[in-house]
Amino acid sequence: MKFSEYAYQRPDVDQLKVEFKALLEAFKNASSATEQSEILAKYYQLDDSASAMQNICYVRHSIDTTDKFYEEEVEFFNTRYPELSEVSTDFYKALLASPFRAELEAEYGKHLFVLADLTTKVFEPAILDGIIAENKLDTEYRKIKAQAKIDFEGKTYNLSTIEPLEVSADRNMRKKASEAKWAYYAQRAAEVEAIYDKLVKTRTESAQKLGFENFIPLGYARMRRSDYDAQMVANFREQIVKHIVPITQKLYKSQAARLGLDSLKYYDEGYKFKSGNPTPKGNGVWMEAQAKQMYSELSKETEFFFNYMSDGGLMDLESKDGKETGGYCTFIGGDYQSPFIFSNFNGTSHDVTVLTHEAGHAFQCFETSRQTKINDYLWPTYEACEIHSMSMEFLTWPWMNLFFQEDTEKFFYEHLAGALRFLPYGCAVDEFQHIVYENPNMTTTERNAAWSAIEKKYLPHRDYDGNEFLENGGFWQKQGHIFSSPFYYIDYVLAQICAFQFWIRAKENKEEAWKDYVHLCRLGGKFSFLDLVKEANLESPFDAGCIEKIVAPIAAYLDGIDDSKF
Ligand code: ZN
């Protein structure tokens, strides 16, 4: 069956509440572990079928945000669906209070109870309105981005299709295209800032209602983090400042030298090579065919997986007007049990990394869904999820010549350099949110100023060349995660440090690295982040000296490439 044939039907929230409550009562009254276990399976099944509808709806809406039908359905999920949080919280409370906990832990693992504990901490009926408000505000922000119309040199672009112009070989063109894009953000800034202000205040209020001092510990609990805290993350960021920022400053200098520029302006940063950035040598259909060959050669597991995705029409890859920006992978449970990959191909090298990245996520949930019926284990926490995706980007390196041909070495250089350059930016986004939620009453001007100060620490080279909006600290407004998923962003940084380890290990012993990778994928969310890292034979990014040690061979590899020839 193809994705286009998946049947969508709006779930009946009132009926679901009745069914969930009946299961909850039966669970509480069960007289054995076996009985509770059977009810648990039914609970997850019901939840899985309903969330399948939610995910079909979100996918179809993101593919065409102008489709009125799915717009209304998203509205329905945003406003009515949070009502189910109450009964789901009650279910986790009952699970925690189970007299058969030892037997259930033996069957499903201890981590389920850790997750149950976190889930009960993040919700009380008193914050329901707050959650609904968050969803609405996030949808408003997404709309501002998805429906962007940027008039530039006689044509109209959206935020994805303008990107190739921003990396044009013609400096004046990339300057003007970047200015046009940021003018759109500047024009919508008052709305975006108001949306964010409401989000911060709503989240803070919810946190206080739940007994937290501010939103930070609630944000961490929502992310289901169970084995590290804000202090450990702050130490981790300091390690990035110490060991990564100096390397990235060197990378920016050699980029300027390569381009024959005295210094890089913000609109030069995306333009890496005079001979042009490495590009895939064909269109979206061609890339999908190359990916099919790649995954059939990488392993039996990936061959089966990718054919499944391709035959099921489970990928929507090309950029179109009205389509949401970015890329993601989701899982459609219920009768379908299939991942879905969404991206916005626009002819840049990013197309290939998005494809391998999202395929890493999709491969993981595809594998995990065939191992467990516990929905809470379908995905691990996000930093662990990003190990699957970012490592897949590296584990597919031996096939990158299929996409990039003569540009392959240039792609390798840029892929690694880009991964390094990302780390400080990721930390900046994270530090910004810590400051914002520690000081929820900051004015918009103060927030923008805070972003500017953080940029100077993590991105000291950044030169906005007189662009007023950016010099006043507006850059963060394009970062969707800041709006929709507070504290998510550092997960990419933590995961990158783990993915670098797969890059190193695949060079040393490809078979063993692949074996550990598949093992990690199959575990899904059965363990916490640091336990998963151990299971995959990786070193914890929080360990003293980890970053310095891991980054050394990466920097050496880059030093070994004469980038002046690109
Ligand atoms: Zn990802």
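Looking at E163 and T348, their side chains never bring a donor and an acceptor atom within 3.5 Å of each other. Checking Y141 against K145 by side-chain atom types alone, a donor-acceptor pair falls below 3.5 Å.
Side-chain contact between P11 and F76: present, with at least one pair of heavy atoms (C-beta onward) separated by less than 4.5 Å. With contacts defined as side-chain heavy-atom distances shorter than 4.5 Å, the pair E71/K143 qualifies. Side-chain atoms of Y328 and V59, non-hydrogen and from C-beta on, do get closer than 4.5 Å to each other. No side-chain heavy atom of F331 sits less than 4.5 Å from a side-chain heavy atom of T368. Contact of the S391 side chain with the I387 side chain is registered, since non-hydrogen atoms from C-beta on lie closer than 4.5 Å.
Among all heavy-atom pairs drawn from C329 and P339, the shortest one is SG-CB, 4.4 Å. Closest approach of S178 and Y266 over heavy atoms only: CB-CE1, 4.0 Å. When every heavy atom of K526 is checked against every heavy atom of Y108, the shortest pair comes out as CE-O, 3.7 Å. In this structure, M390 and A499 approach most closely via the heavy-atom pair CB-CB, 3.6 Å. When all heavy atoms of R225 and E383 are compared, the pair lying nearest together is CG-OE2, 4.1 Å. Of all heavy-atom pairs between K209 and I127, the closest is CB-CG2, 3.9 Å.
A cation-pi arrangement is found for K323 relative to F342, the charged atom lying closer than 6.0 Å to the ring centre and inside a 45° cone about the ring normal. The cationic atom of R462 (NZ for Lys, CZ for Arg) lies less than 6.0 Å from the six-membered ring centre of F475 and within 45° of the ring axis.
At distances below 3.5 Å, at least one donor-acceptor pair connects side-chain atoms of N439 with backbone N or O atoms of I435. With N344 contributing its side chain and S160 its backbone, the two residues share no donor-acceptor pair below 3.5 Å. No donor-acceptor pair under 3.5 Å is formed between the side chain of H361 and the backbone N or O of H357. A donor-acceptor pair under 3.5 Å is formed between the side chain of Q249 and the backbone N or O of H461. Side-chain atoms of D47 do not come within 3.5 Å of backbone N or O of Y43 as any donor-acceptor pair. Side chain of N375 to backbone of Y44: a donor-acceptor contact under 3.5 angstrom is found.
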Next on the checklist: Go through it in stages, so that I can follow the logic: the residues are D316 and S343, the test is side chain to side chain contact (heavy atoms under 4.5 Å, CB included), and I'd like the CA-CA distance, side-chain angles, deciding distance and then a yes or no.
Outcome noted: CA-CA 6 Å; D316 194 281; S343 68; over 6 Å; no

Next on the checklist: Test side chain to side chain contact (heavy atoms under 4.5 Å, CB included) on F487 and H434; report intermediate values, then the result.
Outcome noted: CA-CA 8 Å; F487 299 114; H434 282 85; 3.5 Å; yes

Next on the checklist: Does Q477 form a side chain to side chain donor-acceptor pair (under 3.5 Å) with E193? I'd like the steps, not just the answer.
Outcome noted: CA-CA 8 Å; Q477 296 178 20; E193 286 162 357; 2.8 Å; yes

Next on the checklist: For a side chain to side chain donor-acceptor pair (under 3.5 Å) check, start with the C-alpha distance between H519 and E535, then their side-chain angles and the critical distance, and finish with the verdict.
Outcome noted: CA-CA 8 Å; H519 174 61; E535 281 284 331; 2.7 Å; yes

Item to check | Worked check of salt bridge (charged side-chain N to carboxylate O under 4.0 Å, His left out) between R447 and D197 | outcome: CA-CA 10 Å; R447 270 185 210 132; D197 191 62; 3.0 Å; yes

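Not counting sequence neighbours, the partners of K457 by the side-chain contact (heavy atoms from CB on, under 4.5 Å) test are E238, V241, E431.
Here the straight-line distance linking atom OG1 of T119 with atom NZ of K93 works out to 11.5 Å at 0.5 Å rounding. Distance CG/L532 to OG1/T381: 7.0 Å, rounded to 0.5 Å. In this structure, CZ on F236 lies 11.0 Å from CE on M232, to the nearest 0.5 angstrom.
Between Y382 and Y488, the ring-plane angle classifies as parallel under the 30° and 60° cut-offs. Ring-plane geometry between Y196 and F432 is classed as parallel, the angle between the planes falling under 30 degrees on a 0 to 90 degree scale with a further cut at 60. Taking the six-membered ring where tryptophan is involved, the planes of Y437 and F215 are tilted, since the angle between them lies from 30° to 60°. Between F529 and F542, the ring planes are perpendicular. Angles over 60° get that label, and only those under 30° would be called parallel.
Proximity of the aromatic rings of W503 and F500 is defined here by a centroid distance below 6.0 angstrom, and this criterion is not met. The six-membered or imidazole ring of F502 lies away from that of F394, with a centre-to-centre distance of 6.0 Å or more. Between Y458 and Y425, the distance separating the two ring centers is not shorter than 6.0 angstrom. In this structure, F27 has its ring center under 6.0 Å from that of F91.
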